[in-house]
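Scroll down for the structure; my scribbles are underneath it.
Each chain gets a letter, A, B and so on, in the order its sequence line appears, and its residues count up from 1. Treat the numbers as computed from the prediction; the structure is a model and nothing was measured.
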Amino acid sequence: MENTYNPVEIEKKWQKRWAEDNLYKVSEHSDRPKWYALTMFPYTSGDLHIGHWYAMAPSDVHARFKRMQGFNVLHPVGFDAFGLPAENAAIKHGIHPYKWTMKNVENMRKQLKTIGAIYDWDREIITCQPDYYKWTQWFFLKLYQHGLAYRNKAPVNWCPKCQTVLANEQVLANGTCERCDEPVIRKDLEQWFFRITKYADELMQHEGLDWPERIKTMQHNWVGKSIGTEISFGLDIPDVPEKEIRVFTTRADTVYGVTFMVLAPENPLVAKITTPDRKDEVEEYIAKTRRFTEIERLSTEKEKDGVFTGAYVTNRLNGDKVPVWIADYVLAGYGTGAVMAVPAHDERDFAFAKKYHLPIKVVISAPGWDGKELEEAYTAEGTMVNSGHFDGTPNLDGIIKVSEFLEEKGWGKRTISYKLRDWLISRQRYWGAPIPMIYCDKCGIVPVPEEDLPVKLPEDAEFKPTGESPLKYCDSFVNTTCPRCGGKAKRETDTMDTFMCSSWYFLRYTNAHFDSGAFDPEAVKYWLPVDLYTGGAEHAVMHLFYSRFFTKAMRDMGLIDFGEPFIKLFNQGIVISNKQKMSKSRGNVVNPDSYVSKMGADTVRCYLMFVAPWEQGGDWNDNGIAGIYRWLNRIWKLATEYYTAYSVDDEEYRNLQRITHQTVKKVTHDIDRIRFNTMISTLMEYTNYLGKIKDSGSVSQKDWQEAIKILLLLLAPSAPHLAEELWHKTRHKYSIHNWKWPEWDEQLAQDEEIPIIIQINGKTRDKEMVSASITEQEAKEIILAKPKVKAYLEGKEIVKIIYVPKKLLNLVIK
RNA sequence: GCCGGGGUGGCGGAAUUGGCAGACGCAGCGGACUUAAAAUCCGCCGGAGAAAUCCUUGUGGGUUCGAGUCCCUCCCCCGGCACCA
């Protein structure tokens with residue numbers, strides 16, 4: 001029989017055996033410490049591509065490592081199964097979204113199994129199944145009951161021809177609908193929101209979380225907290241009931257420099273205050289604004305423009321009457337939807353004032369300012385001038401003093417503003433969890449009683465090519481009875497944002513079949529929070545934000561006793577090919593299945609880890625993966641070929657022992673620190689070293705076998721099938737994956753001899769092997785006696801000697 | 001524009017955080033085996049130089065006995081945010 005590594009055969013064999021033996025079945029009843037290792041679950045796109053492998057294989061390695069280290073590890077998998085592509089497939093190919101999705105699940109599940117991960121398939125979840133989305137709906141009701149869900153009007157991208165809402169990514173760059181090329185407009189619709197802003201301050205805090213700095217920064221910026229002052233400007237127009245316009249500013253110190261005011265075009269006051277002669281121009285501007293998407297509107301490329309409303313407000317501090325303009329750069333949703341403009345000290349206001357010939361009044365004096373007109377806005381620190389009794393105050397103090405003064409007078413108050421907006425969860429789609437609400441003419445908005453959940457998606461909905469929401473036109477779904485009065489009523493036809501499903505899935509894994517609640521409180525108490533969460537950085541603000549919000553809301557409802565779902569977060573990079581992102585049009589898409597069927601999953605796993613640091617992502621290279629395959633073949637030979645101890649040598653034994661302990665230490669540290677690429681290269685070095693031992697036969701049979709055993713154990717998380725097969729072939733007891741991770745002895749890992757670098761004036765000139773226990777005095781004596789060193793010292797004077805123990809000796813000479 | 005991360009051989013990347021730059025792998029070159037090729041194994045492999053030696057971590061400066069690593073200037077690449085009042 002030929003002795004060759006046949007990965008395809010052995011992988012199939014062991015995967016079958018592990019499944020039959022329930023080797024990776026997870027239980028809460030364990031005396032080991034728990035470890036919850038979660039990977040972001042995949043969307044059911046239909047195919048498990050290399051990006052999925054890159055997310056899942058290395059995280060499985062880490063989870064396996066933890067398992068061997070004695071942890072009770074939960075490393076589950078499931079499917080994010082609601083979403084637009086399924087509905088598009090329904091429209092295009094006439095296949096029902098459920099069928100389409102479940103077919104994809106089946107295919108992806110089969111592909112996932114080829115990875116050889118420790119997934120416990122009894123815990124699989126699929127978010128589009130009624131036993132899952134029932135609880136997604138239940139969470140909606142909970143949030144509603146606790147005042148965290150509300151209904152409000154919000155502007156959306158609307159295609160008049162398709163009669164539907166479009167997501168931002170469905171609007172083409174030229175502002176038209178991707179389906180029919182009709183120009184998209186902004187339209188106000190009644191929508192459901194979650195009050196995520198209630199947790200704004202807490203969401204900015206990441207204390208106790210081991211998260212990448214950039215993700216924390218992104219979340220911080222997303223909340224966008226700014227501390228400022230709300231200032232009232234007097235409004236006096238006959239027949240307008242409002243007698244003030246309030247603005248938010250962080251620069252209360254510049255209030256004396258206000259020369260105009262700008263309202264958002266959507267501000268409801270605009271219609272009321274516009275003078276008749278300005279009406280046409282103002283309305284035209286508002287209409288123009290609506291044609292722009294938010295992205296275009298907020299582009300800094302776009303020149304700032306606006307129109308005068310004809311109205312004036314009074315600056316109460318100095319009695320100035322200033323004109324009120326509207327401009328699309330002022331956002332209705334931020335602050336009060338109105339800003340005071342101080343052109344002298346704000347670049348944007350400066351440009352606007354220049355364009356429309358509005359006055360520019362300096363109120364903060366730069367050191368040495370000579371009273372001349374400004375060439376550009378002065379935004380740095382200075383002293384207040386032209387500011388009544390505040391003149392001479394340093395402007396930073398002025399912010400506080402002016403605010404205090406305004407508060408005393410009742411003309412304003414200090415306040416905090418956030419960029420973060422409430423989470424809009426309504427989607428005018430079929431393929432999502434229906435929002436469990438009923439509209440009754442008599443009783444108004446009535447939540448579906450918990451016992452009536454789930455509100456199931458109707459199977460007979462029609463998918464029209466126009467893209468209209470199928471639920472809206474499905475009479476059997478829409479028409480219902482009011483749970484309160486029993487009269488005729490209509491169901492909410494919007495479904496929930498799919499981010500809802502992923503905001504709590506990590507709880508469901510702990511007991512996926514629990515049917516008396518969304519999650520099993522006991523199991524959640526045992527497993528949560530997640531110890532290590534890995535996935536792509538693209539979810540930095542959306543998914544991770546929403547999950548944290550859910551967790552905090554649940555905590556405040558008393559459902560759970562922790563406020564953060566994920567203790568450690570790690571973002572892997574992206575696999576590219578030929579220095580470019582993979583895409584069908586470029587024809588550079590790497591299909592993992594074809595490599596698995598040639599070289600095996602173990603090779604693909606190891607290659608993905610070796611190619612680059614995980615957080616960085618790597619460039620797929622066919623030659624590179626061949627190198628890994630060669631390496632695994634070398635291991636195969638090393639472990640299966642006959643070893644002969646020709647010339648046993650004590651010193652070589654000590655070397656082997658030391659190198660083995662050093663290898664165990666390095667590999668353990670590298671997996672712990674998630675440095676898989678150097679972990680693999682350490683194993684390669686060890687393999688190379690063992691190859692030399694095998695050639696020389698310089699250690700005993702027993703010591704050789706011990707070294708191979710350690711190699712296999714260290715390899716087990718990375719190449720689980722190969723390690724299991726070789727474990728079996730070297731006559732060890734099944735299964736290697738239940739074996740304990742090797743430990744190292746710090747003493748035995750110590751080098752006996754170490755090189756001392758010899759430098760002359762900081763330049764490396766030589767090195768000397770010395771005993772590791774050498775003293776400074778001994779080292780100096782040995783090194784200064786070296787002829788080569790003596791030659792350098794010829795005719796020179798030693799000014800200084802720097803000795804770094806066990807590292808280097810630097811002679812500074814003159 | 002602002003925030004974050006980077007820039008090291010022909011390529012992917014190492015460098016215990018201030019102490020031998022280039023581990024490991026790929027590609028390349030030379031050799032062994034073979035009738036031959038593939039596979040496998042061995043050796044070489046940043047640049048200049050005959051050699052001693054010198055140069056080399058995007059650029060320019062600085063700190064230090066010593067800098068890929070720390071500080072400042074500038075250039076470039078990637079990711080995020082983008083008129084936030």
### Message
Under 4.0 Å, counting only non-hydrogen atoms across every strand here, what does A/Val804 touch: a base, just sugar-phosphate, or nothing?
### Response
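Base, at least one base heavy atom under 4.0 Å.
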### Query
Base, sugar-phosphate, or nothing for A/Lys419, non-hydrogen atoms under 4.0 angstrom?
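Result for A/Lys419 = base.
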### Query
Just to confirm, is there a sub-4.0 Å distance from OP1 or OP2 of B/A85 to any side-chain nitrogen or oxygen of A/Tyr334?
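Yes, within the criterion.
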### Task
Respond yes when some side-chain nitrogen or oxygen of A/Gln616 is under 4.0 Å from OP1 or OP2 of B/G5, and no when none is.
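Checking B/G5 against A/Gln616, no side-chain N or O comes under 4.0 Å of OP1 or OP2.
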### Query
Can you say whether the rings of A/Trp325 and A/Phe352 are parallel (under 30°), tilted (30 to 60°) or perpendicular (over 60°)?
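Ring orientation, 0 to 90° scale: perpendicular.
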### Query
Along nucleotides 43-55 of chain B, 5' to 3', which nucleotides get a B, which get an S, and which get a -, given that the test is a protein heavy-atom distance under 4.0 Å?
-----------SS
### Query
Are A/Lys692 and A/Tyr689 in a cation-pi setup, meaning NZ or CZ lies under 6.0 angstrom from the ring centre and within 45 degrees of the ring axis?
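Judged by the rule, A/Lys692 and A/Tyr689 form no cation-pi pair.
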### Task
Answer yes or no on whether A/Arg421 is positioned over the face of A/Trp222, meaning its NZ or CZ is under 6.0 Å from the six-membered ring centre and within 45° of the axis.
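Relative to the ring axis of A/Trp222, which defines the angle, A/Arg421 lies outside at least one limit.
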### Message
Could you check whether the side chain of A/Asn623 and the base of B/C26 have a donor-acceptor pair of N or O atoms closer than 3.5 Å, going by distance alone?
### Response
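Such a pair does not exist between side chain and base.
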### Query
Pairing of RNA chain B as dot-bracket, 5' to 3': ( ) intra-strand, [ ] crossing, | other strand, . unpaired, with Watson-Crick or G-U pairs under 3.5 Å?
(((((((..(((......[....))).(((((.......))))).(((....)))..(.(((..]....))).))))))))....
### Message
Tell me if the CD atom of A/Glu381 is crowded by more than 12 foreign heavy atoms within 6.0 Å.
### Response
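It does not: A/Glu381 CD has 12 such atoms or fewer within range.
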Using a heavy-atom distance cut-off of less than 4.0 Å, which residues of [range] contact RNA chain B?
range: residues 336-355 of chain A; result: A/Val339, A/Arg348
range: residues 669-681 of chain A; result: A/Arg675, A/Asn677, A/Thr678, A/Ser681
range: residues 216-229 of chain A; result: A/Thr217, A/Met218, A/Ser226

### Query
Which residue pairs satisfy the salt bridge (Lys or Arg N to Asp or Glu O under 4.0 Å) criterion with at least one member in residues 335-348 of chain A, sequence neighbours excluded?
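Counting only pairs at least two positions apart or across chains, the salt bridge (Lys or Arg N to Asp or Glu O under 4.0 Å) contacts touching residues 335-348 of chain A are A/Asp346-A/Arg348.
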### Message
Testing A/Val590, A/Asp622, A/Asn621 one by one against A/Ser577 for a side chain to side chain contact (heavy atoms under 4.5 Å, CB included), which residue passes?
### Response
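So the option named by the test is A/Val590.
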### Message
Ignoring hydrogens and geometry beyond distance, is a side-chain donor-acceptor pair present between A/Tyr418 and A/Asp201 at under 3.5 Å?
### Response
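Yes.
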### Smallest separation among heavy atoms of A/Asp305 and A/Lys288, with atom names
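Looks like OD2-NZ, 3.0 Å.
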